[in-house]
Participant: 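Just dropping this structure here.
Residue numbers run from 1 in the order of the sequence given.
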Amino acid sequence: MKKTLLLVTSLCFSLNFYAQDKKLAADCFNKADYKCAEEQYLKLAEKEQIQKFQSEYYDYLGTAQRRLGKTTQAFKSYDSALKANPMSVSVYVNLSSLYSQKGNKVKALEYVEKGLKVNPETPDLYLTRSKIYDSQGKKELAIKDLNQILTFAPDNIFAKTGLANLKKNSGDLDGALKDYNTLISEKPESLLYNGRADVYFKMKKYKEALTDVNKAISIDPKFAQSYVSKAMILMDSSKLKEACTNLDKAVALGYEKAMLTDSYAKCGKK
């Protein structure tokens with residue numbers, strides 16, 4: 001009886017300790033303390049015996065490393081996550097996105113296709129592929145992917161803004177502005193104000209652009225993209241010091257510094 005009681009007590013203690021480790025890792029990640037998150041998720045992944053959970057930890061580990069600019073390690077962690085659970089759509093999303101970011105569009109598209117075989121109703125995979133098609137000048141295919149999202153997720157804001165951005169990228173700034181005006185009237189969100197700010201920026205309407213991006217930040221102070229947008233507007237307005245401060249804010253909130261190399265070059269920072 002005593003042995004059984006000791007075993008149960010030990011098990012409860014172990015589970016409680018494990019739960020605390022998991023909470024610490026999640027807290028670090030949510031606070032954008034990616035160095036801490038990297039350390040904690042690595043520990044969790046290495047000692048986890050259940051493959052599904054191990055895959056999740058490696059997936060988070062890869063994302064933390066990605067935010068720290070550790071691309072090589074991120075690829076390895078995502079690969080480990082996929083080996084532990086080949087049915088994890090999240091890993092396919094992250095691998096396709098990272099390969100696309102690094103310029104390997106062929107590999108990115110391969111992972112999109114693999115992910116869609118696991119779950120054909122995954123918006124992030126269509127979004128990644130749409131951006132790739134757009135970069136390749138395949139506008140009709142890009143539009144098709146975004147409209148496909150709306151067939152199973154009619155309220156998906158990223159698909160709707162994606163369609164507006166395709167107009168913007170093709171030079172139809174008035175059409176993009178009209179779309180954003182409609183979207184904002186329906187649901188005034190940070191993402192939408194940031195998107196419209198970019199349209200105004202391309203129109204060289206800096207005052208309107210700055211007003212919108214400040215509105216986006218006021219709605220969601222943790223939306224890293226808004227600080228990047230604000231930095232671009234300020235740089236074009238010859239306010240370099242303030243622009244660089246906003247780049248730092250974006251990176252502190254998790255925006256990948258590697259994607260801001262050209263902008264940081266103007267700040268005289270590595």
Participant: So do the side chains of Lys160 and Leu150 get within less than 4.5 Å of each other, counting heavy atoms only?
Facilitator: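 Yes, side chains in contact.
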Participant: To the nearest 0.5 Å, what is the distance between CD (Glu38) and CZ (Arg66)?
Facilitator: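 Interatomic distance, Glu38 CD to Arg66 CZ, rounded to 0.5 Å: 15.0 Å.
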Participant: Quick check: do Cys267 and Met235 have side-chain heavy atoms less than 4.5 Å from each other?
Facilitator: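 Yes, at least one pair of side-chain atoms sits under 4.5 Å.
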Participant: So, Asp236 and Tyr206: side-chain donor and acceptor under 3.5 Å apart, yes or no?
Facilitator: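 Yes, because at least one side-chain N or O of Asp236 sits under 3.5 Å from a partner of the opposite role on Tyr206.
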Participant: Between Asp59 and Ser55, is there a donor-acceptor pair closer than 3.5 Å when you use the side chain of the first and the backbone of the second?
Facilitator: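 Checked: no pair found.
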Participant: Run the salt bridge (charged side-chain N to carboxylate O under 4.0 Å, His left out) test against Asp212 and tell me which residues pass, sequence neighbours left out.
Facilitator: Arg196
Participant: Roughly how far apart are Leu234 CG and Leu240 CG, rounded to 0.5 Å?
Facilitator: 9.5 Å
Participant: Please step through side chain to side chain contact (heavy atoms under 4.5 Å, CB included) for the pair Leu163 and Lys167, ending with a clear verdict.
Facilitator: CA-CA 7 Å; Leu163 289 168; Lys167 290 183 180 180; over 6 Å; no
Participant: What residues form a salt bridge (charged side-chain N to carboxylate O under 4.0 Å, His left out) with Asp27, not counting sequence neighbours?
Facilitator: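 Listed in chain order: Lys23.
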Participant: Could you go step by step and tell me if Asn156 and Leu146 meet the side chain to side chain contact (heavy atoms under 4.5 Å, CB included) rule?
Facilitator: CA-CA 10 Å; Asn156 189 286; Leu146 294 174; over 6 Å; no
Participant: To the nearest 0.5 Å, how far apart are CG in Asn165 and OG in Ser130?
Facilitator: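 Atom-to-atom, Asn165:CG and Ser130:OG are 9.5 Å apart.
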Participant: I'd like to know whether Lys43 forms a side chain to side chain contact (heavy atoms under 4.5 Å, CB included) with Gln40, so could you lay out the CA-CA distance, the side-chain angles of the two residues, the decisive distance to 0.1 Å, and finally the verdict.
Facilitator: CA-CA 5 Å; Lys43 291 178 183 177; Gln40 296 305 317; 4.0 Å; yes
Participant: When you measure from the side chain of Ser229 to the backbone N and O of Gln225, does any donor-acceptor pair fall under 3.5 Å?
Facilitator: yes
Participant: Does Lys131, at its NZ atom, have more than 12 non-hydrogen atoms belonging to other residues, nucleotides or ligands within less than 6.0 Å?
Facilitator: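 Count not over threshold, so no.
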Participant: Nearest 0.5 angstrom please: Leu183 CG to Thr161 OG1, how far?
Facilitator: 7.5 Å
Participant: Can you tell if the side chain of Lys168 reaches within under 4.5 Å of the side chain of Asp198, non-hydrogen atoms only?
Facilitator: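 Contact flag for Lys168/Asp198 side chains = yes.
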Participant: Using every non-hydrogen atom in the two residues, find where Ile157 and Glu189 come nearest and quote the distance to one decimal.
Facilitator: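 In terms of heavy atoms, the two residues are closest at CD1-OE1, 3.3 Å.
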Participant: Tell me which pairs pass salt bridge (charged side-chain N to carboxylate O under 4.0 Å, His left out) where either residue lies in residues 82-106, with sequence neighbours left out.
Facilitator: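 Sorted result for residues 82-106: empty, none.
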Participant: Can you tell me if Tyr264 and Asp248 form a side-chain donor-acceptor pair at under 3.5 Å?
Facilitator: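 Looking only at side-chain atoms, Asp248 and Tyr264 do form a donor-acceptor pair, the distance falling under 3.5 Å.
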Participant: Find out whether Asn214 and Lys230 are in side-chain contact, i.e. whether some heavy atom of one side chain is under 4.5 Å from a heavy atom of the other.
Facilitator: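 Yes - at least one pair of side-chain heavy atoms lies under 4.5 Å apart.
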Participant: Measure the shortest side-chain to side-chain distance between Ser96 and Leu125 over non-hydrogen atoms and say whether it is less than 4.5 angstrom.
Facilitator: yes
Participant: Would you say the side chain of Ser170 lies within less than 4.5 Å of the side chain of Lys139, judging by non-hydrogen atoms?
Facilitator: yes
Participant: Check for me, please, whether Ile149 and Leu192 land in the same ILVMFWY cluster - side-chain distances under 4.5 Å, paths through other members count.
Facilitator: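 In one cluster: yes.
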Participant: Less than 4.5 Å apart, any side-chain heavy atom of Asp79 and any of Leu95?
Facilitator: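 Contact flag for Asp79/Leu95 side chains = yes.
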Participant: Given side chain to side chain contact (heavy atoms under 4.5 Å, CB included), test Glu256 with Gln101 step by step and report yes or no.
Facilitator: CA-CA 10 Å; Glu256 292 178 53; Gln101 179 192 321; 3.1 Å; yes
Participant: Is there side-chain contact between Thr63 and Phe29, with heavy atoms separated by less than 4.5 Å?
Facilitator: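 Yes; the side chains approach each other to less than 4.5 Å.
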Participant: Group every Ile, Leu, Val, Met, Phe, Trp and Tyr by side-chain heavy-atom contacts under 4.5 Å, then state whether Val228 and Val251 land in the same group.
Facilitator: yes
Participant: Which pair of non-hydrogen atoms, one from Ala164 and one from Tyr180, has the smallest distance, and what is that distance?
Facilitator: CB-CE1, 3.7 Å
Participant: Please find the pair of heavy atoms, one from Gly254 and one from Tyr34, that lie closest to each other, and give the distance.
Facilitator: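 For Gly254 and Tyr34, the tightest heavy-atom pair comes out as CA-CE1, 3.5 Å.
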Participant: Could you tabulate the donor-acceptor pairs under 3.5 Å formed by side-chain atoms of residues 108-116, not counting sequence neighbours?
Facilitator:
residue, atom, partner, partner atom, Å
Glu113, OE2, Arg129, NH1, 2.8

Participant: Sub-3.5 Å donor-acceptor pair from the side chain of Tyr126 to the main-chain atoms of Pro120, do we have one?
Facilitator: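 A pair under 3.5 Å: yes.
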Participant: Search all heavy atoms of Ala216 against all heavy atoms of Ser190 and return the closest pair with its distance.
Facilitator: O-OG, 2.9 Å
Participant: Between Met87 and Phe53, is there a shared hydrophobic cluster once you connect ILVMFWY residues whose side-chain heavy atoms come closer than 4.5 Å?
Facilitator: no
Participant: In terms of heavy-atom contacts, does CG of Asn30 have more than 12 from other residues, nucleotides or ligands at under 6.0 Å?
Facilitator: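 Correct, the count exceeds 12.
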Participant: Can you list, by chain and residue number, the hydrophobic cluster partners of Tyr227 when the side-chain cut-off is 4.5 Å?
Facilitator: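 Result for Tyr227 is Ile217, Leu253.
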Participant: Is the number of heavy atoms from other residues, nucleotides or ligands under 6.0 Å of Phe158 CZ greater than 12?
Facilitator: no
Participant: Between OG1 of Thr211 and OH of Tyr193, what distance do you get to the nearest 0.5 Å?
Facilitator: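 Going from OG1 on Thr211 over to OH on Tyr193, the span is 11.0 Å.
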Participant: Less than 6.0 Å separating the ring centroids of Tyr58 and Tyr78?
Facilitator: no
Participant: Do Ile143 and Leu127 sit in the same hydrophobic cluster, where Ile, Leu, Val, Met, Phe, Trp and Tyr count as joined when their side-chain heavy atoms come under 4.5 Å apart?
Facilitator: yes
Participant: Where do Val213 and Ser226 come nearest, in terms of heavy atoms and distance?
Facilitator: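 Between these two residues, the closest heavy atoms are CG2-O, 3.2 Å.
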Participant: Please name the pair of heavy atoms, one in Tyr255 and one in Ala224, separated by the smallest distance, quoted to 0.1 Å.
Facilitator: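 Closest pair (atom of Tyr255, atom of Ala224, distance): CB-CB, 4.0 Å.
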Participant: To the nearest 0.5 Å, what is the distance between CD (Glu56) and CD (Gln51)?
Facilitator: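 Nearest 0.5 Å value for the CD-CD distance: 12.5 Å.
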Participant: Where do Asp155 and Lys187 land on the salt bridge (charged side-chain N to carboxylate O under 4.0 Å, His left out) test, with the steps shown first?
Facilitator: CA-CA 11 Å; Asp155 295 324; Lys187 198 172 186 179; over 6 Å; no
Participant: Under a 4.5 Å side-chain heavy-atom rule over Ile, Leu, Val, Met, Phe, Trp and Tyr, are Tyr99 and Val93 clustered together?
Facilitator: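 As far as the 4.5 Å side-chain criterion goes, Val93 and Tyr99 are connected within one cluster.
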Participant: Holding to salt bridge (charged side-chain N to carboxylate O under 4.0 Å, His left out), I want the full list of residues that pass it with Lys215, two or more places apart in sequence or in another chain.
Facilitator: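 Counting only residues at least two positions away or on another chain, Lys215 forms no salt bridge (charged side-chain N to carboxylate O under 4.0 Å, His left out).
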Participant: Quick one: does any side-chain atom of Ser88 pair with a main-chain N or O of Asn85 as donor and acceptor, under 3.5 Å?
Facilitator: no
